[in-house]
Student: 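Before anything else, here's the structure in question.
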Amino acid sequence: MKGMRLLVVIMLFIGFSVDAQDKLFTLSEIWGGAFRTEGLQSLHSMKNGIQYSVLESDQVTNDTSIEVYDYATGEKSKTLVKASFIDDLSFFQGYTFSKDEKKILLSSELEQIYRHSSRGIYHIFDVEANASFKISDQKIQSPEISPDGKKVAYVLDNNLFVLNFETGEEIQLTDDGKKNEVINGVTDWVYEEEFAFVKAFDWSVDSNKIAFLRFDEKDVPEFSMDLYGKELYPSQEVFKYPKAGEKNSEVTLHIANIASMDLNEVKVGDYKDFYIPRIKWTHDANVLSVQVLNRHQNNLDLLFVDANTKTPKVILNEKDEAYIDITDNLTFLKDNSFIWTSEKDGFNHIYHYSKSGELINQVTKGNWEVTEYYGFDTKNKTIFYQSVENGSINRDIYAIGLDGKNKKRLSQKEGTNDADFSADFTYYISYFSNAETPYEFTLNDSKTGKLVREIKNNKTLKDKLADYGVSKKEFSTIQVNGETLNMWMIKPKNFDPAKKYPLLMYQYSGPGSQLVSNTWNRSNDYWYQMLAQQGYIIACVDGRGTGYKGAKFKKVTYLNLVKLETEDQIAAAKLLGERAYVDASRIGIWGWSYGGHMSTNCLLKGNDVFKMAIAVAPVTSWRFYDTIYTERYMRTPQENPAGYDDNSPFNYPELLKGKYLLVHGSGDDNVHVQHTMRMVEALIQANKPFDWAIYPDKNHGIYGGNTRLHLYNKMTNFIKTNL
């Protein structure tokens, strides 16, 4: 009997020792970069099809270089340029080749403006001459080398310039640019944020013409933010921000003929209150494609403009009862027929049209979404794309004939597969990960998908994480409000189904978004692992309105954002609370941006379900958000006032019962701190207790220095205190 007792004690000690060996995740590690994955920086496939270049940095000297490698062998072929080769350049942050790869545009001293835009110092490096020069002593925007490699166009102080390398001549194409009044060649704030592009000009294929957009924003209402900084008095940032229902910039299209020095406005047609979200020259130097979208964003015309006569012609029209998403998938083939993606059959698919706009054929079909268009191999008449054919949480790489035949799945591992194809489509570099495998980079044969060689993996990170006792991210589905919703859950490693655990839910829920995907960790995932180590269950549910399950599922929230999404999160929380191992009295929810709107609404409208919520940089009224995003899903406040107000949480602060933490950056140019201030005032007038934090001068990402560490310490302590 004594021997049996001794054995039990020994076994308990062994079990405790194994658990004790697991390291604990810390916020300082997570936000200090301890779990970063290695990758390939600025990968470029060389035009010879057998080599690729990457940007590399010497950790000791801080020198940066462009290195060229052979696809097949992985051997370094040559160093194209190092920053140390150039007298007035200590390092560079990015590079772009000219079409013939004889010149390289090097960027340095980049200064972020908004989400996508920056200005910086740019050098041109001549590969053959082994020489370089600086484009301008001033910081410029969006430089692009002409197709013939002899000129570069760029924007300085809202005006468009062209510099001729051969003659040294600089041509100023516009002279009316002025801050907060007129912008030439780059986009205004709302176009940049919502149509996701900055460079609003394009070179013709013969390098003789530039098409560009001009934004007259004089009548657009201004938004101002105080920037507190470190000086005696704060400064103020004032910029044009059109809120829902307000006036947009007047956008016009222009074509400049560099040779003849002509500059003409192109009248795109008899449109009222419209957007031009894309311009792109075709393979014909005299034919420019222009996409024109109405303000409701449910009618899109693809125009071909004759550059000589400046005459537009509608080639293709798309209509939708809700809205049309703009993409970069328009690709012109040599005969000027074109590839186009559309949701017109209910799912996003690839279509082939003639140059006159006649449908040749629908290339892909099925109840699944094409998620990426990689390109067209002209030699083999093959299209390469990514899709969710293997389940909406996965991504796979496919090849298919231009005629829609001979489809082949190239990727072989289940998870998220992405690709970067060689210029001649002989190879592709595969980027693979799933919830249990950090990013693997391999070279694959584009005809078969077979592995040629491994380029880089993150085995060191995986081995490192083995010491932490990582909990598995479990994927499943949950039946909510008549829909089958994707879900993941992370449980404590020593999970005991007989115990009850507090539950923290995370969501975003914005239109077309996805959080439940079979891919490798982001920083938040390590935070969830840390919380799991402390006894919490974390779950995430993608509700109605999210993406990659067809247009009907995504667009069901049209005209009433946040309503159905909130109902889904509340219903999911109730169902999860019925599980034996979930403590239904201890369910919390958190989110950022759209997700902050959601977590706030869930705490108020689900006040019998959620004990606490955290809202970071939340929208609290769609009336305060920008025209393009908001009206795409809601139309204008004048047309749809109930859609704007019925789910605005500062209209019902009296519903608050649980614990609430509200966080915002005072320098948020996207979701203004006004949203939080209005929510705070509503809660004060309703005499409701809450916690809040403002991060001075921080933008929508709330980062810089120790900012993220401080924020996540605050959120962690709030969860531990209130859940």
Side-chain angles (χ1 to χ4, degrees), residues 45 47-49 98-101 144 146-149 201-211 253 255 257 266 268-269 276-292 300-318 326-342 344-345 348-365 370 372-386 398-408 419 421-426 428 446-447:
S45 176
K47 62 181 296 187
N48 60 24
S98 61
K99 187 177 181 181
D100 60 9
E101 296 180 349
E144 183 176 276
S146 60
D148 64 6
F201 67 86
D202 196 40
W203 283 100
S204 62
V205 291
D206 63 2
S207 302
N208 290 329
K209 294 178 282 294
I210 293 179
L253 174 67
I255 296 179
N257 190 309
V266 176
V268 293
I276 304 179
R278 296 290 186 271
I279 58 173
K280 183 177 184 177
W281 286 96
T282 70
H283 285 301
D284 184 333
N286 289 311
V287 178
L288 173 72
S289 76
V290 182
Q291 295 182 40
V292 179
L300 175 66
D301 284 340
L302 174 64
L303 310 180
F304 280 3
V305 174
D306 185 312
N308 293 317
T309 64
K310 312 300 182 294
T311 305
K313 180 181 180 182
V314 177
I315 296 297
L316 180 67
N317 172 259
E318 290 255 345
I326 299 298
T327 74
D328 291 308
N329 293 334
L330 174 61
T331 303
F332 292 98
L333 308 188
K334 288 182 178 179
D335 62 357
N336 250 15
S337 67
F338 57 92
I339 303 297
W340 180 265
T341 56
S342 171
K344 66 181 182 179
D345 77 344
N348 193 49
H349 281 297
I350 299 171
Y351 295 80
H352 182 203
Y353 288 89
S354 72
K355 65 180 181 180
S356 60
E358 296 174 354
L359 178 64
I360 297 174
N361 71 298
Q362 181 175 344
V363 180
T364 62
K365 298 176 183 178
V370 169
E372 191 78 35
Y373 168 78
Y374 293 124
F376 176 64
D377 177 0
T378 56
K379 181 180 177 181
N380 297 299
K381 297 192 182 305
T382 300
I383 287 174
F384 296 95
Y385 68 94
Q386 181 199 62
Y398 287 84
I400 192 171
L402 185 61
D403 58 4
K405 299 177 181 177
N406 302 315
K407 183 170 71 173
K408 182 177 180 60
F421 283 82
S422 62
D424 64 357
F425 292 97
T426 298
Y428 68 90
S446 67
K447 289 185 176 61

Student: Backbone N or O of Val292 within a donor-acceptor pair of the Asp301 side chain at under 3.5 Å?
Tutor: no
Student: For Gln291, which residues count as a side chain to side chain donor-acceptor pair (under 3.5 Å) partner, sequence neighbours excluded?
Tutor: none
Student: Quick one: closest heavy-atom pair of Thr382 and Ala399, and the distance?
Tutor: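 Between these two residues, the closest heavy atoms are CG2-CB, 3.8 Å.
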Student: Taking atom NZ of Lys280 and atom CG of Leu330, what is their separation to the nearest 0.5 Å?
Tutor: 5.0 Å
Student: Going from OG1 on Thr341 to OH on Tyr373, what distance comes out if it is rounded to the nearest 0.5 angstrom?
Tutor: 10.0 Å
Student: Checking Phe384 now: which residues fulfil ring pair (Phe, Tyr, Trp, His ring centres under 6.0 Å) with it, not counting sequence neighbours?
Tutor: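 Partners of Phe384 under the ring pair (Phe, Tyr, Trp, His ring centres under 6.0 Å) test: Phe421, Phe425.
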Student: Please name all residues satisfying side chain to side chain donor-acceptor pair (under 3.5 Å) with Asn257, sequence neighbours left out, ordered by chain then number.
Tutor: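 Here the qualifying residues are Ser260.
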Student: Between Ile339 and Asn329, is there a side-chain heavy-atom distance shorter than 4.5 Å?
Tutor: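 No, too far: nothing below the 4.5 Å cut-off.
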Student: Apply ring pair (Phe, Tyr, Trp, His ring centres under 6.0 Å) to His352 and list each qualifying residue two or more places apart in sequence or on a separate chain.
Tutor: none
Student: Of all residues at least two apart in sequence or in a different chain, which pass the salt bridge (Lys or Arg N to Asp or Glu O under 4.0 Å) check with Asp100?
Tutor: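 Asp100: no salt bridge (Lys or Arg N to Asp or Glu O under 4.0 Å) contacts found.
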Student: Which distance, rounded to the nearest 0.5 Å, do you find between the CD1 of Ile210 and the OG of Ser146?
Tutor: 8.5 Å
Student: Any donor and acceptor pair, going by atom type alone, linking the side chain of Ser446 with main-chain N or O of Tyr428 inside 3.5 Å?
Tutor: no
Student: So that I know where these two stand, are Tyr398 and Tyr385 an aromatic pair - ring centroids less than 6.0 Å apart?
Tutor: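 Yes: the rings meet the under 6.0 Å criterion.
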Student: With sequence neighbours excluded, what pairs up with Ser204 under the side-chain contact (heavy atoms from CB on, under 4.5 Å) test?
Tutor: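 Ser204 satisfies side-chain contact (heavy atoms from CB on, under 4.5 Å) with Asp206, Lys209, Trp281 only.
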Student: For residues Asp424 and Lys379, determine if any side-chain heavy atom of one lies less than 4.5 Å from a side-chain heavy atom of the other.
Tutor: no
Student: Under the side chain to side chain donor-acceptor pair (under 3.5 Å) test, which residues partner Asn406, sequence neighbours left out?
Tutor: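 For Asn406 there are no side chain to side chain donor-acceptor pair (under 3.5 Å) partners, ignoring immediate neighbours.
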Student: Can you tell me if NZ on Lys99 sees more than 12 non-hydrogen neighbours from other groups inside 6.0 Å?
Tutor: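 No.
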Student: Quick one: list whatever passes side chain to side chain donor-acceptor pair (under 3.5 Å) with Thr331, sequence neighbours left out.
Tutor: none
Student: Where do Asp335 and Lys355 land on the salt bridge (charged side-chain N to carboxylate O under 4.0 Å, His left out) test, with the steps shown first?
Tutor: CA-CA 7 Å; Asp335 62 357; Lys355 65 180 181 180; over 6 Å; no
Student: Might you point out which heavy atoms bring Ala211 and Leu288 nearest each other, and give the distance in Å?
Tutor: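 It is CB-CD2, 3.6 Å.
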Student: Identify, with sequence neighbours excluded, every residue that meets side-chain contact (heavy atoms from CB on, under 4.5 Å) alongside Thr311.
Tutor: Thr309
Student: To the closest 0.5 Å, what do you measure between CD1 (Ile350) and OG1 (Thr364)?
Tutor: 4.5 Å
Student: Grab the two heavy atoms, one from Lys47 and one from Glu101, that are nearest each other, plus how far apart they are.
Tutor: N-OE2, 2.8 Å
Student: First locate atom OH of Tyr353, then atom CD1 of Ile315, and finally report the distance between them rounded to the nearest 0.5 Å.
Tutor: 12.0 Å
Student: Measure across Asp148 and Ser207 and return the closest heavy-atom pair with its distance rounded to 0.1 Å.
Tutor: N-OG, 2.9 Å
Student: For Glu318, what residues pass the side-chain contact (heavy atoms from CB on, under 4.5 Å) criterion, not counting sequence neighbours?
Tutor: Leu300, Ile324, Trp340, Ser342, Lys344
Student: Return yes if some donor-acceptor pair links the side-chain N/O of Asn286 with the main-chain N/O of Ala307 below 3.5 Å, else return no.
Tutor: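 Not at all, since once roles are kept as given, no pair shorter than 3.5 Å links the two residues.
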Student: Considering all heavy atoms of both residues, which atom of Leu253 and which atom of Ile279 are nearest to each other, and what is their separation?
Tutor: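 Where Leu253 meets Ile279 most closely, the heavy atoms are CD1-CG2, 4.0 Å.
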Student: Among all residues two or more places apart in sequence or in another chain, which pass the side-chain contact (heavy atoms from CB on, under 4.5 Å) test with Val205?
Tutor: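 In terms of side-chain contact (heavy atoms from CB on, under 4.5 Å), with neighbours along the sequence ignored, Val205 is linked to Ala285.
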Student: Could you measure the distance from the CG atom of Asp377 to the OG1 atom of Thr426? Nearest 0.5 Å is fine.
Tutor: 7.5 Å
Student: I need the full list of salt bridge (charged side-chain N to carboxylate O under 4.0 Å, His left out) pairs touching residues 398-407, with sequence neighbours left out, sorted by first then second residue.
Tutor: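 Of all non-adjacent pairs touching residues 398-407, those that pass salt bridge (charged side-chain N to carboxylate O under 4.0 Å, His left out) are Glu389-Lys407.
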Student: Of the non-hydrogen atoms in Phe332 and Asn336, which two are nearest, and what is the gap between them?
Tutor: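 Residues Phe332 and Asn336, closest heavy atoms: CD2-O, 4.0 Å.
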